There are 2 protein chains.
Amino acid sequence: MDAYKYIKEAIIHGKYEPGMRLGEESLAKELKLSRTPIREAIKQLESEGLVTPLKRGVSVRHFTREDIQQIYDLRTLLEGYAASQAALHRTDEDIQKMKEANSRYEEAIERYKEADLNSIKEIVNFNQQFHEAIISACKNPHIYFHLSKVVVVPLVFRSFYWYDEFELKRSLEVHKTILSAIQNQDSERARVAMTEHIYQGSDQVLAHLEEIKKIHVLKEDTHD
Amino acid sequence: MDAYKYIKEAIIHGKYEPGMRLGEESLAKELKLSRTPIREAIKQLESEGLVTPLKRGVSVRHFTREDIQQIYDLRTLLEGYAASQAALHRTDEDIQKMKEANSRYEEAIERYKEADLNSIKEIVNFNQQFHEAIISACKNPHIYFHLSKVVVVPLVFRSFYWYDEFELKRSLEVHKTILSAIQNQDSERARVAMTEHIYQGSDQVLAHLEEIKKIHVLKEDTHD
DNA sequence: AATTAACGCTTTGTATACAAAAGGTCAATG
DNA sequence: CATTGACCTTTTGTATACAAAGCGTTAATT
């Protein structure tokens, strides 16, 4: 498998935790490759900011609460803009793709209610599909280029796993609002709805971050 | 010298022209290095979008008129936001840095009037310093991360070389407007002024692009 | 003369070997 | 007992060697 993709996935899915040092030799052994392709993969990840350089080698980047907040601010700006432009430039095919993603999203929520835990992965996917359909509809590939690097933050990617049914449904409703604004070529409404949508996601992630912190503190208290 | 920096500079300054194939062996010989560090540099440039992958190897990316337009749209969005945030979060030191950059900019224009062609390099530098001071003042390092990859497009970097005295002075005046808005913590004015400033830059670059295209057509007409 | 197949050359992808630098350990000394 | 310095180990940085994949050219056949 491609070293870059493998390591990136491993970081996003939390296999390699923040702060963990990534040694070339151990990665090479794990992927059954030589150090050369590993080094190239690491260089790419470094220029994307997913790993941070140490005095020697790199470690998985730790994103602070402030980072998350700032990244969400950026995402709000970029995706809000993307939505407004999508409203102006969308084709019928673009609309079709958004509707498709939303239907699948809705179906996955139904399966989720039946306690199908595997459906979460699909929910994540179809959510991403919807957002990508909008970014694609705005007809500015450079936006996509940057957003793909903004969104890929480990915590954010896993945020859906602590959404409850109500939150998933509310999220779907907002998707529908955004979709109809884009369909009606109402660019300002599309922007505002998308902006609000992402702020809601931000609230979720930040609240969850607080929960984790509390648990951490409790754990440390129990240390003999 | 560091291979990454060297190649990047060479692309920005036009030594390696768009479409030109970058062979590992030839770069290695030019930089008196082995292929290994060259490959790593190329991988980084690839993930930044400055070179595009071929079936074999990479070539210097060609930016179309549409690319330039889209990139400027992005830059408008990001730097406009940065200016508005800078108005809210700037410290006295931030203001000081902006004033400093502007003074130097002004001095360089004076030298430019005296036909000191070397001053253009300084103008480019001090302009960049001013913009960076603002981005730094907005207190969101992630913005900087992305802007540093948006702005670095060969054509854009060289745009100052075809500015005339009037345009340089007008640019300086807008800088002053932006600066005072930020100083007065007028975030909306800061955003609008910055947005307009960058649109003006965009107009310049696009107009120049048309000129170049005309010359190109003329050249091709004279081909036997 | 045109088309295709095969050969060889060029260039990238991967592995490995070697050089250099950083970090840790242990002992000696104040 | 703490601190510093020398040595040793580990890991990265660079070079080179080898494998594989494209690309072009040439020659043979129709």
Side-chain angles (χ1 to χ4, degrees), chain A residues 1-63 141 145 148-149 152 154 223, chain B residues 1-63 141 145 148-149 152 154 223:
Chain A
M1 187 188 181
D2 182 36
Y4 168 74
K5 275 190 184 170
Y6 179 90
I7 301 172
K8 188 168 174 177
E9 296 276 306
I11 292 175
I12 289 171
H13 289 86
K15 184 178 175 188
Y16 302 151
E17 287 178 27
M20 178 179 166
R21 181 141 189 272
L22 295 181
E24 298 177 2
E25 203 81 51
S26 63
L27 285 172
K29 220 174 67 181
E30 188 175 334
L31 299 194
K32 288 178 175 121
L33 283 169
S34 77
R35 275 175 51 217
T36 314
I38 301 288
R39 286 178 62 79
E40 284 170 9
I42 287 176
K43 270 277 142 63
Q44 274 187 259
L45 293 166
E46 200 180 319
S47 89
E48 288 177 23
L50 257 132
V51 300
T52 54
L54 260 36
K55 317 97 236 298
R56 204 168 35 153
V58 299
S59 69
V60 177
R61 173 156 180 190
H62 173 75
F63 289 94
F145 179 84
S148 67
K149 270 147 202 180
V152 179
H223 274 330
Chain B
M1 188 187 180
D2 182 35
Y4 168 74
K5 275 188 184 170
Y6 179 89
I7 300 171
K8 189 168 175 178
E9 296 276 306
I11 291 174
I12 290 170
H13 288 85
K15 184 179 176 189
Y16 302 151
E17 287 178 27
M20 178 177 167
R21 183 142 186 269
L22 294 182
E24 297 177 2
E25 204 80 52
S26 64
L27 285 173
K29 220 174 67 180
E30 190 176 332
L31 300 194
K32 288 179 176 122
L33 283 168
S34 78
R35 275 176 49 217
T36 312
I38 301 289
R39 285 179 63 80
E40 284 170 11
I42 287 176
K43 270 276 142 63
Q44 275 186 259
L45 293 167
E46 200 180 320
S47 89
E48 288 176 22
L50 258 135
V51 299
T52 55
L54 261 34
K55 319 95 236 297
R56 204 168 36 153
V58 298
S59 69
V60 177
R61 172 155 181 190
H62 173 75
F63 289 93
F145 180 84
S148 68
K149 270 146 202 179
V152 179
H223 272 330

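Just so you know, these numbers come straight off a predicted model, no measurement behind them.
Across A:Leu31, A:Leu33, A:Ile11, a single residue satisfies side-chain contact (heavy atoms from CB on, under 4.5 Å) together with A:Tyr6, and that is A:Leu31.
Using a 4.5 Å heavy-atom threshold, the side chains of A:Glu46 and B:Glu40 count as separate.
For the residue pair B:Ala3 and B:Pro37, the shortest heavy atom distance occurs at CB-O, 4.2 Å.
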Practice prompt. Would you mind building the protein contact string for nucleotides 12-21 of chain C? One character per nucleotide, 5' to 3', B for base within reach (heavy atoms under 4.0 Å), S for sugar-phosphate only, - for untouched.
Written response: BBBBBB----
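Within 6.0 Å of atom CD in A:Glu17, 12 or fewer heavy atoms from other residues, nucleotides or ligands are found, so the atom counts as exposed in its surroundings.
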Worksheet entry | Residues B:Leu50, B:Arg61; criterion side chain to side chain contact (heavy atoms under 4.5 Å, CB included); working and verdict | CA-CA 6 Å; B:Leu50 258 135; B:Arg61 172 155 181 190; 5.7 Å; no
